Amino acid sequence: MLMPSKKPAFSLCVYCGSRHGNNPVFTQVAREVGHWIGTHGGQLVYGGGRNGLMGEVAEASLEAGGTVVGIIPKALQEREWAHDGCTELHIVDTMHERKRMMMERADAFVALPGGIGTFEEFFEVWTWRQLGYHDKPVGLLNTKGYYDSLLDFTRQSTQAGFMGEWQNELIRSAPKASELLPLLINEAGLSTAPRADQL
């Protein structure tokens, strides 16, 4: 486990797929997110895996000089899915412990394209926000319209009377990382100024 040389400017929790998906743009965007975190002096907090988009965002962040905090359950580590190159790699006993620790270590949250695990993590952190368990920004990176149907469904839930419009307004969404990530970090009250050695 490597130790960071200085305190990160911010800590961004990224939820994303353990697969690459069928469109190479998803991989490209995951790497853009990791690169943005690293070049802006940030810290990636994520699920600790080396597969799929998870591995891509971690590698890109490390390559760009960012610190990476991976948090993975012991059962997944035993399947050899853990990314041993993380700045910090925490092995926990349960998925609940993993998600709690990710929430505590982050200043903001963003979901990239992913599957059921990504959906579950995003919905939980959004739920915690609306219940007041945290007040950290929550975002969806809507690459190639990946989350269009989900956003439509949340509006449908509001129209049906099961949600308030204010709950939908807690989600920040944009199609490009360059739009969404600065918005989330700025809303968290932190700086997104590029690192001096990257200028």
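As a basis for the values below, the full set of heavy atoms in this structure was taken, side chains included, without hydrogen atoms, waters or symmetry mates. From a predicted model like this one, the values you see are computed outputs, not experimental measurements.
Within the 4.5 Å cutoff, the side chain of L140 has no heavy atoms near those of the V110 side chain. Residues E88 and V68 form no side-chain contact, since every pair of their non-hydrogen atoms from C-beta on lies 4.5 Å or further apart. Contact annotation: the side chain of H134 approaches that of V125 to within less than 4.5 Å [non-hydrogen atoms, C-beta and beyond]. Between L12 and L44 there is no side-chain heavy-atom pair separated by less than 4.5 Å. Between L184 and F109, every side-chain heavy-atom pair lies at or beyond the 4.5 Å cut-off. Between L181 and L141 there is no side-chain heavy-atom pair separated by less than 4.5 Å. Side-chain contact check for V92 versus I71: some heavy-atom pair is nearer than 4.5 Å.
Heavy-atom neighbours of L131 CG from other residues, nucleotides or ligands within 6.0 Å: above the threshold of 12.
Here the SG atom belonging to C13 is positioned 10.5 Å from the CD atom belonging to Q43, to the nearest 0.5 angstrom. Of the inter-residue distances, the one linking W128 atom CH2 with R100 atom CZ reads 9.0 Å to the nearest 0.5 angstrom. Between Q28 atom CD and L53 atom CG the span is 12.0 Å, to the nearest 0.5 Å. Between atom OG of residue S61 and atom CD1 of residue I37 there is a gap of 5.0 Å, rounded to the nearest 0.5 Å. One distance of note links CD1 of I171 with CG of L151; it measures 6.0 Å at 0.5 Å rounding. Atom CE in M101 sits 5.5 Å away from atom CZ in R105 (nearest 0.5 Å).
Cluster membership for M103 and V14, using ILVMFWY side-chain heavy atoms within less than 4.5 angstrom, is not shared. Under the 4.5 Å side-chain contact rule for hydrophobic residues, Y46 and M95 do not share a cluster.
With sequence neighbours excluded, no residue forms a side-chain hydrogen bond (donor to acceptor under 3.5 Å, both in side chains) with D107. Scored by the side-chain contact (heavy atoms from CB on, under 4.5 Å) test, E63 finds R31, E59 as partners (sequence neighbours excluded). With sequence neighbours excluded, no residue forms a ring-ring contact (aromatic ring centres under 6.0 Å, His included) with F119. Checked against ring-ring contact (aromatic ring centres under 6.0 Å, His included), H96 has no partners two or more places apart in sequence or in another chain. Checked against side-chain hydrogen bond (donor to acceptor under 3.5 Å, both in side chains), Q156 has no partners two or more places apart in sequence or in another chain. A search for side-chain hydrogen bond (donor to acceptor under 3.5 Å, both in side chains) contacts involving S157 returns nothing, not counting sequence neighbours. Residues satisfying the side-chain hydrogen bond (donor to acceptor under 3.5 Å, both in side chains) criterion with T143, sequence neighbours excluded, are absent altogether.
Applying the salt bridge (Lys or Arg N to Asp or Glu O under 4.0 Å) rule to pairs touching residues 150-166 yields D152-R155, sequence neighbours excluded. The stretch residues 149-173 participates, sequence neighbours left out, in no ring pair (Phe, Tyr, Trp, His ring centres under 6.0 Å) pair at all. Legend: salt bridge (Lys or Arg N to Asp or Glu O under 4.0 Å) pairs involving residues 167-181, not counting sequence neighbours, sorted by first then second residue: R172-E187. Contacts classified as salt bridge (Lys or Arg N to Asp or Glu O under 4.0 Å) and involving residues 124-144 (residues at least two apart or in different chains) are given here: K99-E124.
Not a single donor-acceptor pair under 3.5 Å links the side chain of Y146 to the backbone N or O of L112. Between the side chain of H90 and the backbone N or O of R98 there is no donor-acceptor pair closer than 3.5 Å. Judged by distance alone, the side chain of N142 and the main-chain N or O of Y147 form a donor-acceptor pair under 3.5 Å.
A pairwise comparison of heavy atoms in A58 and H83 identifies CB-CD2, 4.1 Å as the closest pair. Closest approach of L190 to N186, counting heavy atoms only: O-OD1, 3.4 Å. When every heavy atom of Q77 is checked against every heavy atom of A82, the shortest pair comes out as CG-CB, 4.1 Å. When all heavy atoms are compared, the tightest approach of A108 to I185 is CB-CD1, 4.4 Å.
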Show me the donor-acceptor pairs within less than 3.5 Å that the side chains of residues 15-27 make with the rest of the protein, sequence neighbours left out.
unit_1 : atom_1 : unit_2 : atom_2 : d
H20    : NE2    : E56    : OE2    : 2.9
N23    : OD1    : V25    : N      : 2.9

Discussion item. Quick one, L89 with D84, criterion side-chain contact (heavy atoms from CB on, under 4.5 Å). Give me CA distance, side-chain angles, the key distance, then yes/no.
Written reply: CA-CA 7 Å; L89 182 62; D84 294 330; 3.9 Å; yes
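A centroid separation of less than 6.0 Å is found between the aromatic rings of W36 and F10.
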